[in-house]
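Taking it in order: structure first as structure tokens, then the write-up.
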Amino acid sequence: MTSRPEGSPGRLPSLGQDHAAGHKTYVEQLTEGGRLWLRTKPFYAPPTEELTLCLRTFAHIVEQLGLGLRAQVLDVGCGPGWLSEFLARCGYWVTGIDISEDMVAIARERVAAIERPIGEGIEPVAEFHAMPVRELPWSDRFDAAVLYDTMHHFDDEAATLEVILTTLVPGGRIYIREGARPAPGSEGERQLIEEMELYGTLESPFDPAYIEQVVAKAGFTDVQRFVEIDELVEVGDVSGMFNRMREQFSFRMGRRAPETNILIATKPLGGGAAAGFSAEITAAGSWRPNEDGRQLVLDARIRNTGDAFWPTGPFGHGVVTIGPYVPLPDGSRRELPRVALPRAVPPGEELALELAVPRHAAGDANEIAVDCVREGIAWFSDLGSSPLVAPVVR
């Protein structure tokens with residue numbers, strides 16, 4: 001993490017220091033109170049403004065990404081691991097990386113202290129690695145990457161995002177939450193420069209339009225920018241409601257720059273998708289009526305033949321479900337109700353289960369196909385797997 005290349009526009013200039021050394025020694029430069037904060041963040045007595053900021057951001061991440069149980073999440077620049085801890089408590093499989101050994105040690109302690117279990121038969125899962133972000137060794141692994149208040153520490157934003165893109169599975173998403181670059185000569189800019197001088201770290205936030213361009217240039221698609229409007233307004237406070245609406249309108253019309261950079265973007269489907277999510281589906285026999293005749297059932301076995309973990313859970317996006325359908329002559333599908341997986345499925349494991357579809361929904365179909373679906377992203381057959389097609393016995 002040396003000084004960023006000359007000519008990188010759109011962000012606060014660095015001071016040309018050895019940023020890697022500054023970030024590695026950051027914890028030891030802190031006061032005792034500062035080190036305590038790392039172990040309790042976002043909680044502290046008395047509360048700081050970061051408490052509400054962190055909790056709101058965490059809620060946004062969970063809500064917007066909508067990940068399933070044991071979804072693979074990369075916490076980039078995890079610091080002391082407060083966000084990794086919260087994500088692990090949700091049942092996600094979290095991998096936190098940070099260049100600082102001291103930060104990683106604190107993150108491991110925080111997750112180790114989580115009271116178990118976190119759900120019925122569910123333990124928290126998190127791993128941490130001390131490494132520069134551009135040396136991430138994984139490809140096509142993570143369902144999501146989260147960068148909370150960390151991109152301004154990375155000297156080469158384009159190269160960093162390209163590496164993160166590689167680590168995501170096709171259809172995986174990145175969530176970025178950053179402060180925006182303060183106005184030249186402002187108090188905010190002065191404070192960032194003072195922090196760089198004091199700790200030797202890189203504190204270089206981005207112009208909103210520039211960071212959006214860099215994310216797209218790195219290869220992400222469906223780049224969306226968001227603004228935070230997290231504030232309670234009294235029902236009778238008409239002027240307060242109007243001011244919030246006017247503020248939102250100013251953001252949308254580009255008349256006012258937001259104070260934060262919040263973006264969500266997607267890794268496009270393509271190379272590596274089939275290897276990441278693929279299945280082998282077999283069946284013993286045909287679809288047959290059940291005892292009361294209201295359903296058609298099939299004894300099936302489904303094996304995870306890819307190298308990606310199949311998450312399941314109440315959220316829609318990214319979870320894996322079983323998708324029965326009636327194949328139509330034009331090659332399209334008449335979809336039948338989805339069947340939820342009974343549990344998450346690691347690579348190489350197999351499920352044996354009885355599939356059931358409403359008989360009335362199948363109509364007079366002579367055969368019903370079965371495929372797996374990565375909800376909101378793709379059917380497995382679109383990624384290279386072969387669906388099972390079984391006849392219907394009346």
Side-chain angles (χ1 to χ4, degrees), residues 65-75 87 90-95 122 125-127 129 136-146 163-174 219-222 265-284 298-325 327 333 335 338-353 355 369-390:
L65 296 182
L67 300 169
L69 180 65
R70 290 297 184 245
Q72 297 265 336
V73 182
L74 177 65
D75 186 1
L87 294 170
C90 292
Y92 306 144
W93 184 320
V94 182
T95 300
I122 301 171
V125 177
E127 58 186 84
H129 306 273
L136 297 177
W138 305 286
S139 61
D140 295 326
R141 173 180 174 182
F142 299 102
D143 299 294
V146 178
V163 170
I164 294 171
L165 180 75
T166 299
T167 70
L168 293 173
V169 299
R173 290 180 293 172
I174 187 172
F220 288 93
T221 59
D222 192 25
T266 303
K267 178 176 179 176
L269 298 177
F277 287 87
S278 61
E280 179 184 71
I281 307 174
T282 57
L298 177 72
D299 295 319
R301 303 185 76 87
I302 302 178
R303 177 180 292 276
N304 182 347
T305 56
D307 56 16
F309 195 95
W310 294 359
T312 185
F315 292 105
H317 190 93
V319 303
V320 174
T321 61
I322 302 168
Y325 65 92
R333 308 177 183 96
E335 298 182 22
R338 296 281 205 273
V339 178
L341 294 173
R343 60 175 176 80
V345 185
E349 289 199 7
E350 182 178 87
L351 291 176
L353 64 167
L355 303 179
V370 180
D371 197 1
C372 290
V373 185
R374 191 152 184 252
E375 295 294 344
I377 299 175
W379 290 69
F380 278 31
S381 56
D382 295 335
L383 305 177
S385 292
S386 297
L388 167 72
V389 180

Q. Quick one: are Val370 and Val339 in side-chain contact, heavy atoms under 4.5 Å?
A. no
Q.
Once salt bridge (charged side-chain N to carboxylate O under 4.0 Å, His left out) is applied, do any residues pair with Arg141, and if so which ones, sequence neighbours excluded?
A. Glu127
Q.
Quick check against the 3.5 Å criterion: does Lys267 have a side-chain atom that pairs as donor or acceptor with the backbone of Val169?
A. no
Q) For Ala144 and Leu67, which heavy atoms make the closest approach, and how far apart are they? A) CB-CD1, 4.0 Å
Q. How many angstroms lie between CG in Leu351 and CZ in Arg303, if you round to the nearest 0.5 Å?
A. 10.0 Å
Q) Quick one: side-chain contact (heavy atoms from CB on, under 4.5 Å) partners of Ala378, sequence neighbours excluded? A) Leu269, Leu383
Q: Check side-chain contact (heavy atoms from CB on, under 4.5 Å) between Ala265 and all other residues, then give those that pass, not counting sequence neighbours.
A: Ile174, Val215, Phe220, Val223
Q) Closest approach of Gly171 and Ile377, non-hydrogen atoms and distance? A) O-CD1, 3.6 Å
Q) What are the two closest non-hydrogen atoms of Trp310 and Cys372, and how far apart are they? A) CH2-SG, 4.1 Å
Q: Could I get the full list of side-chain contact (heavy atoms from CB on, under 4.5 Å) partners for Val373, not counting sequence neighbours?
A: Thr321, Arg338, Glu375, Trp379
Q: Sort out for me which residue in Thr282, Ile322, Leu388 forms a side-chain contact (heavy atoms from CB on, under 4.5 Å) with Ile302.
A: Ile322
Below 3.5 Å, can you tabulate the donor-acceptor pairs from side chains in residues 341-349 to any protein atom, sequence neighbours excluded?
{"from": "Arg343", "atom 1": "NH1", "to": "Glu349", "atom 2": "OE1", "distance (Å)": "3.0"}
{"from": "Arg343", "atom 1": "NH2", "to": "Glu349", "atom 2": "OE1", "distance (Å)": "3.4"}

Q: Kindly write out the residues that satisfy side-chain contact (heavy atoms from CB on, under 4.5 Å) with Thr221, not counting sequence neighbours, or none if the list is empty.
A: Thr266, Pro268
Q: For Thr167 and Trp138, work out which heavy atoms get closest and say how close.
A: CG2-O, 3.4 Å
Q) Counting N and O atoms only, with roles assigned by atom type, does the side chain of Ser278 sit under 3.5 Å from a partner on the main chain of Ser385, one being a donor and the other an acceptor? A) no
(Q) Which residues pass the salt bridge (charged side-chain N to carboxylate O under 4.0 Å, His left out) test with Asp299, not counting sequence neighbours? (A) Arg288
**Q.** Nearest atoms (heavy-atom pairs only) where Asp140 meets Pro170
**A.** OD1-CD, 3.8 Å
Q | Which residues share a side-chain hydrogen bond (donor to acceptor under 3.5 Å, both in side chains) with Ser381, sequence neighbours left out | A | Arg333, Asp371
Q.
Could you walk me through whether Leu65 and Val73 satisfy the side chain to side chain contact (heavy atoms under 4.5 Å, CB included) test, starting with their C-alpha distance in whole Å, then the side-chain angles of each, then the deciding distance to 0.1 Å, before giving a yes or no?
A. CA-CA 10 Å; Leu65 296 182; Val73 182; 5.8 Å; no
Q. Looking at Arg374, Gln72, Arg173, which hits side-chain hydrogen bond (donor to acceptor under 3.5 Å, both in side chains) with Asp143?
A. Arg374
(Q) Evaluate Phe142 against Ile164 for side chain to side chain contact (heavy atoms under 4.5 Å, CB included), listing each step before the verdict. (A) CA-CA 9 Å; Phe142 299 102; Ile164 294 171; over 6 Å; no
Q: Say whether, by atom type as modelled, one donor and one acceptor occur between the side chain of Arg301 and the main chain of Leu353 under 3.5 angstrom.
A: no
Q. With a 4.5 Å limit on heavy-atom distance, are the side chains of Ile122 and Arg70 in contact?
A. yes
Q) At their closest point, which heavy atom of Ala279 faces which heavy atom of Thr305, and how far apart are they? A) N-OG1, 3.3 Å
Q: Compare all side-chain heavy atoms of Leu136 with those of Leu74 and state whether any distance is below 4.5 angstrom.
A: yes
